[in-house]
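Shown next, in structure tokens, is the structure this report addresses.
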Amino acid sequence: MTSELSKTFDPSSIEQRWYNHWEDNGLFRPERPDAQPFTIVNPPPNVTGSLHIGHALDNTLQDIVIRYERLRGKDALWVVGIDHAGIATQMVVERQMEEKQDKRTNYSREEFVQKVWDWKAESGGTITGQLRRLGCSMDWSREQFTMDEHFSKAVLKTFVDFYNDGLIYRDKRLVNWDPKLKTAISDLEVETQDIKGQFWHFKYPLADGVTLADGRDYIEVATTRPETMLADMAVAVHPTDERYASVVGKEVVLPITGRRVKIVEDEHADPELGSGAVKITPGHDFNDFEVGKRAGIAAGDMLNMLDSEANVCQTADGLVPDEYLGLHRFKRDGTDGARELVVKQLKELGLLIPHITKTKKGEELELDSEPRTIATPFGDRGGVVIEPWLTDQWYVDAEKLAARPMEAVRNGDIEIIPQSWEKTFFHWMENIQPWCISRQLWWGHRIPAWFGPKVSGDKISYDFSGQIGCETFVGIDEQDVSLQAEKIYSKVGFNQVAVFDSYEDLITSGILAKGHEKTVALWRDEDVLDTWFSSGLWPFATLGWPDENAPLYQKHYPNDLLISGFDILFFWDARMAMQGMKLTDQAPWKRLYLHGLVRAADGSKMSKSKGNVVDPLGLIDQYGADALRFFMAAMESQGRDIKMDDERVKGYRNFATKLWNATRFCQSNGIGGSTTLEAPAATSAVNRWIIGEVAETLAKLDAAMADLRFDAAANIIYHFTWDTFCDWYIELVKGNFDDETKAVAGWVLDQILVMLHPFMPFVTEELWNAQADRANYPLITAKWPEFSASVDADAKAEVEWLIGLTSAVRGAKNELGVPPGQKLEAYCPAPSALAADAIARNSAAIERLARITTIHTSEAPDGAAMQIGAGSDTLIIPLEGLVDIDAEKARLNKALEASAKEAKSLEGRLSNANFVERAKPDAVEKAKADFAHHSAEVERITAALARLG
RNA sequence: GGGCGUAUAGCUCAGUGGUAGAGCACUACAUUGACAUUGUAGGGGUCGGGAGUUCAACUCUCUCUACGCCCA
């Protein structure tokens with residue numbers, strides 16, 4: 001029994017209902033213990049996130065694959081969860097506090113972290129509801145969070161194991177410091193932008209009366225960051241630069257600070273650039289850091305002149321004048337900073353070399369500096385200029401971890417799709433830098449490292465200023481580290497270990513006071529881990545790792561596929577591969593599919609600041625989730641960004657409506673759901689033909705899905721449904737719904753619903769259930785088409801002959817201005833066997849579609865007529881009184897010209913001996929056939945023209 | 001500076017070593033019969049420029065131009 005469908009298709013009335021039904025009945029992951037596994041993990045969206053159009057694309061593609069594999073009977077698992085997103089989340093909560101004139105530091109760490117959890121409970125994870133609206137069939141029953149206890153344990157274990165393997169180490173070096181968020185960030189989180197800046201030229205006076213060969217008593221240096229001169233530690237010149245050869249090893253006296261610094265040789269100084277001499281600030285510039293090290297300055301001795309907010313602080317040698325202390329590094333909010341003051345003072349000292357330029361009028365103009373475009377680093381979250389800052393941080397030796405993923409891609413264990421991304425992947429992996437994983441935040445996975453006093457001889461000494469000089473203990477908990485500590489400190493007479501959660505806790509405890517002489521105190525590292533360090537474990541920690549016997553891990557790891565945007569190839573994908581291969585000894589997924597960005601209609605990047613963001617939920621409201629999903633699939637060719645196009649989404653909404661109405665029509669003719677996977681027995685050509693078409697469509701669809709060609713897959717099912725099924729099959733069988741046809745039509749419609757389901761889950765499920773009572777056999781867990789029938793060549797030829805005839809008649813009538821509804825008779829004096837059969841068996845269809853009442857097998861009467869071709873047959877349709885002969889002549893002449901041109905070109909090719917000898921045999925065969933066809937066409941049309949006079 | 005990618009119908013995009021396709025838009029016609037969220041038919045492209053390889057290039061190679069992205 002079918003259930004009646006409403007006259008118009010309203011997506012919003014069915015989506016919620018079906019989604020709840022699927023989820024409530026556990027249909028996203030039915031029990032299939034013996035089935036072959038298929039696994040995808042969803043890139044965990046940020047807990048602060050809401051669904052944007054990029055998520056819509058990424059998740060639609062994943063859902064298509066998961067629904068497809070589920071229909072194919074696999075134990076399809078789509079892991080879903082949320083990322084705690086350290087920086088982003090802390091920012092959200094801090095911003096909310098700011099609105100209430102409150103701030104993080106008004107609270108203890110524990111209190112603040114609790115507030116973040118409260119916020120998460122209240123408004124975190126909005127996106128999970130939005131993914132449901134898109135129809136995504138994840139396994140929500142196992143939804144995870146990267147701060148869940150089991151996941152946190154995996155993160156801890158990873159850190160401890162990596163540390164013990166020497167893959168994680170602590171180092172003092174320059175980091176990318178975000179002075180707004182007051183945390184280190186990794187080099188991937190830095191975005192370089194070209195901004196307008198200035199280039200200043202200074203004189204650094206030579207010390208001790210030394211002069212250059214040309215007599216000058218100073219060295220000229222240039223900089224885009226004058227303020228850093230307060231921490232200059234050298235001037236570098238190129239070893240081959242003869243201008244400075246005589247002063248290498250001598251000193252300059254820095255203006256303002258009066259610091260004496262050496263002139264050193266270093267390849268970094270480019271003789272071609274400016275004066276050829278460069279100032280060296282090892283504590284505040286990545287290049288200078290390396291120069292400084294080469295010049296023998298240890299990282300610990302490098303001068304630092306900025307605090308965590310990039311305000312000037314006193315350097316270790318105490319030479320920064322008081323008036324600078326507390327100034328911001330440069331002008332901010334209209335207030336001059338250290339940069340402006342340095343320039344002003346140097347100018348007053350006569351040590352600023354002006355930049356001479358000319359105005360438009362040709363007058364000479366003296367400027368303090370030369371205008372320049374400067375590549376400037378910005379933090380991707382905080383949005384302020386990044387400060388290279390000398391700190392102790394935790395690093396992952398990424399270079400060691402990179403080898404195996406590269407090998408996996410080379411040997412095919414990991415397939416990157418599209419392949420063009422391989423080069424980018426290799427380029428990054430080959431040049432990979434140490435990965436800074438510590439973050440100065442409160443929200444995140446706390447680093448499991450504790451520091452203790454340094455042991456020297458039989459004494460211990462506490463140093464709270466930095467940690468590099470401390471004893472370091474890394475372990476899974478306090479007990480673990482205190483055992484480690486006991487071993488070290490018991491040797492020098494300390495048999496008690498007290499462990500503190502922070503340096504402050506240690507101090508407030510009073511443990512260092514008298515009375516605790518035998519107790520040694522440890523304090524925990526305050527920092528948390530980079531969020532990506534934890535999300536790198538996602539493909540396996542979500543499945544139970546590190547318990548390698550966990551059933552899910554056993555069955556579903558490695559994952560089959562990962563789908564992500566190319567923008568997180570380095571951030572996430574590469575790190576999953578690095579961590580995964582080290583920890584599990586296997587590539588985390590077999591295939592890595594990278595898709596592009598969804599852009600605004602004009603091709604620009606969507607961004608909140610531009611205000612051109614398209615809300616996927618708005619599109620769902622307007623056109624339905626199915627239409628949006630189909631759009632995403634149809635536009636996803638491998639390797640190209642997708643431009644948003646509402647009209648196209650609308651077009652796919654229309655497609656859903658078309659299917660809806662076709663189903664309605666079927667129902668009104670007593671066509672219901674099929675009861676067999678196997679195609680019904682069919683005798684009529686039309687029915688045999690459509691079954692064969694389903695077989696062909698299925699094969700093409702499976703091939704497209706195997707290659708992850710989402711666009712091809714979507715187009716195949718679209719055209720089969722609309723063109724083949726609706727426009728031809730239904731039209732051909734209309735008015736002739738015998739039992740066989742009803743059975744076949746019902747079966748074909750079911751195959752469409754199944755094949756379309758991964759793309760348009762809602763409307764297909766609705767129609768599936770409307771077609772029959774299928775409460776126990778919902779479409780989401782139905783079976784993918786599986787039948788033995790294949791293409792029937794005779795039926796195909798016959799139906800294609802009918803279609804050819806119909807199209808030809810319609811086209812000719814249209815061109816000649818004959819009303820489409822006009823019924824006519826035709827003459828086919830010498831029909832081919834195919835034509836004779838087709839005519840005999842399909843007279844009703846021919847009359848209805850081609851509007852030809854009778855096809856006589858006698859000679860056509862003289863007089864005005866139009867001539868059309870169907871297959872290799874010619875039909876003459878008298879049009880006495882209906883048409884103007886000149887119009888028919890013009891139409892025929894046009895066709896003649898086209899065929900003659902084609903025939904001539906083919907003839908030329910066939911008479912070329914080189915072609916006949918060297919071309920592939922089928923190419924020659926095809927050319928011959930085409931030539932025969934066009935020659936015949938020429939003859940036919942010529943005859944017709946002759947008949948018309 | 002290095003790397004990658006893209007240039008195909010008015011627009012958005014597929015595509016194959018054998019002379020080009022889709023959707024939308026456009027034009028004409030149709031229409032109370034599943035569907036105007038429709039049907040039928042049609043117009044429209046020297047496949048960015050140039051050179052080369054080949055019997056044959058939109059497709060392969062080189063080069064130029066334009067645009068985009070990533071890295072330094």
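Within every chain, numbering begins at 1; the chains are lettered A, B, ... in the order of the sequence lines, protein sequences first and strands thereafter.
For the pair A:Arg410 and A:Phe426, the cation sits on the ring face: its NZ or CZ lies under 6.0 Å from the ring centre, inside 45° of the axis. A cation-pi contact links A:Lys734 to A:Phe665, judged by a cut-off of 6.0 Å to the six-membered ring centre and 45° from its axis. Geometric assessment of A:Arg648 against the ring of A:Phe631 yields a negative cation-pi assignment under the 6.0 Å and 45° thresholds.
Of the C1' atoms belonging to B:rU59 and B:rU53, the separation is 13 Å, rounded to the nearest Å. Comparing the C1' positions of B:rG5 and B:rC13 gives an interatomic distance of 16 Å, to the nearest angstrom. Remark: the separation of the P atoms in B:rC11 and B:rU46 is 13 Å, to the nearest Å. Comparing the P positions of B:rC4 and B:rC62 gives an interatomic distance of 11 Å, to the nearest angstrom. Spacing of P atoms, B:rU61 relative to B:rA25, comes out at 37 Å, to the nearest Å. One C1' atom belongs to B:rG3, the other to B:rU16, and the distance between them is 28 Å to the nearest Å. Atom name P, nucleotides B:rA56 and B:rU63: the rounded distance is 23 Å, in whole Å. Taking atom P on both B:rC71 and B:rU54, the two are 42 Å apart, rounded to the nearest angstrom.
Atom CG of A:Asp641 and atom C1' of B:rG5 are 10 Å apart (whole Å). Rounded to an integer number of Å, the gap from CD1 of A:Ile432 to P of B:rC71 is 13 Å. We find that CD1 of A:Ile803 is positioned 16 Å from C1' of B:rG39, with the value rounded to whole Å. Distance, A:His268 NE2 to B:rA72 P: 16 Å, rounded to whole Å. Rounded to an integer number of Å, the gap from A:Phe9 CZ to B:rU38 P is 14 Å. The separation between A:Trp421 atom CH2 and B:rC4 atom P is 12 Å, rounded to whole Å. Atom pair A:His595:NE2 and B:rC69:P shows a separation of 19 Å (rounding to whole Å applied). As rounded to whole Å, 14 Å separates atom P of B:rA34 from atom CD of A:Gln667.
Within residues 625-638 of chain A, the residues that have a heavy atom under 4.0 Å from RNA chain B are, in order of number, A:Met635, A:Ser637.
Looking at A:Trp435 and A:Leu188, their side chains never come closer than 4.5 Å, going by heavy atoms from C-beta outward.
Using a 4.0 Å heavy-atom distance criterion, A:Arg851 is classed as making no nucleic acid contact. Residue contacts shown for A:Glu422 are absent, as no nucleic acid heavy atom lies under 4.0 Å away. Residue contacts shown for A:Cys726 include a base, since a base heavy atom lies under 4.0 Å away. Among the protein residues, A:Asp727 comes within range of the sugar-phosphate backbone only, with heavy atoms under 4.0 Å from sugar or phosphate atoms but none that close to a base. Residue A:Lys734 is in base contact, counting any heavy-atom pair closer than 4.0 Å across all strands shown. In this structure, A:Arg664 reaches the sugar-phosphate backbone alone: every heavy-atom distance under 4.0 Å involves primed, P, OP1 or OP2 atoms, never a base. Within 4.0 Å (heavy atoms only), A:Asn715 reaches no atom of the nucleic acid at all. A:Lys813 comes within contact range of no nucleotide atom at all, as no heavy-atom separation falls under 4.0 Å.
A donor-acceptor contact under 3.5 Å links the side chain of A:Glu731 to the base of B:rA34. Between the side chain of A:Lys423 and the base of B:rC4, no donor-acceptor pair under 3.5 Å is found.
At distances below 3.5 Å, not a single donor-acceptor pair connects side-chain atoms of A:Ser905 with backbone N or O atoms of A:Lys901. Listed for the A:Lys610 side chain is no donor-acceptor partner under 3.5 Å among the backbone atoms of A:Ser604.
Judged as a side chain to side chain donor-acceptor pair (under 3.5 Å), and not counting sequence neighbours, A:Asp187 has no contacts.
For A:Arg709 and A:Asp711, the salt-bridge test passes: some basic side-chain N is under 4.0 Å from an acidic carboxylate O.
Atom CG of A:Leu824 sits about 7.5 Å away from atom OG1 of A:Thr853, to the nearest 0.5 Å.
Out of B:rU40, B:rC70, B:rG18, the shortest distance to the side chain of A:Phe570 is found at B:rC70.
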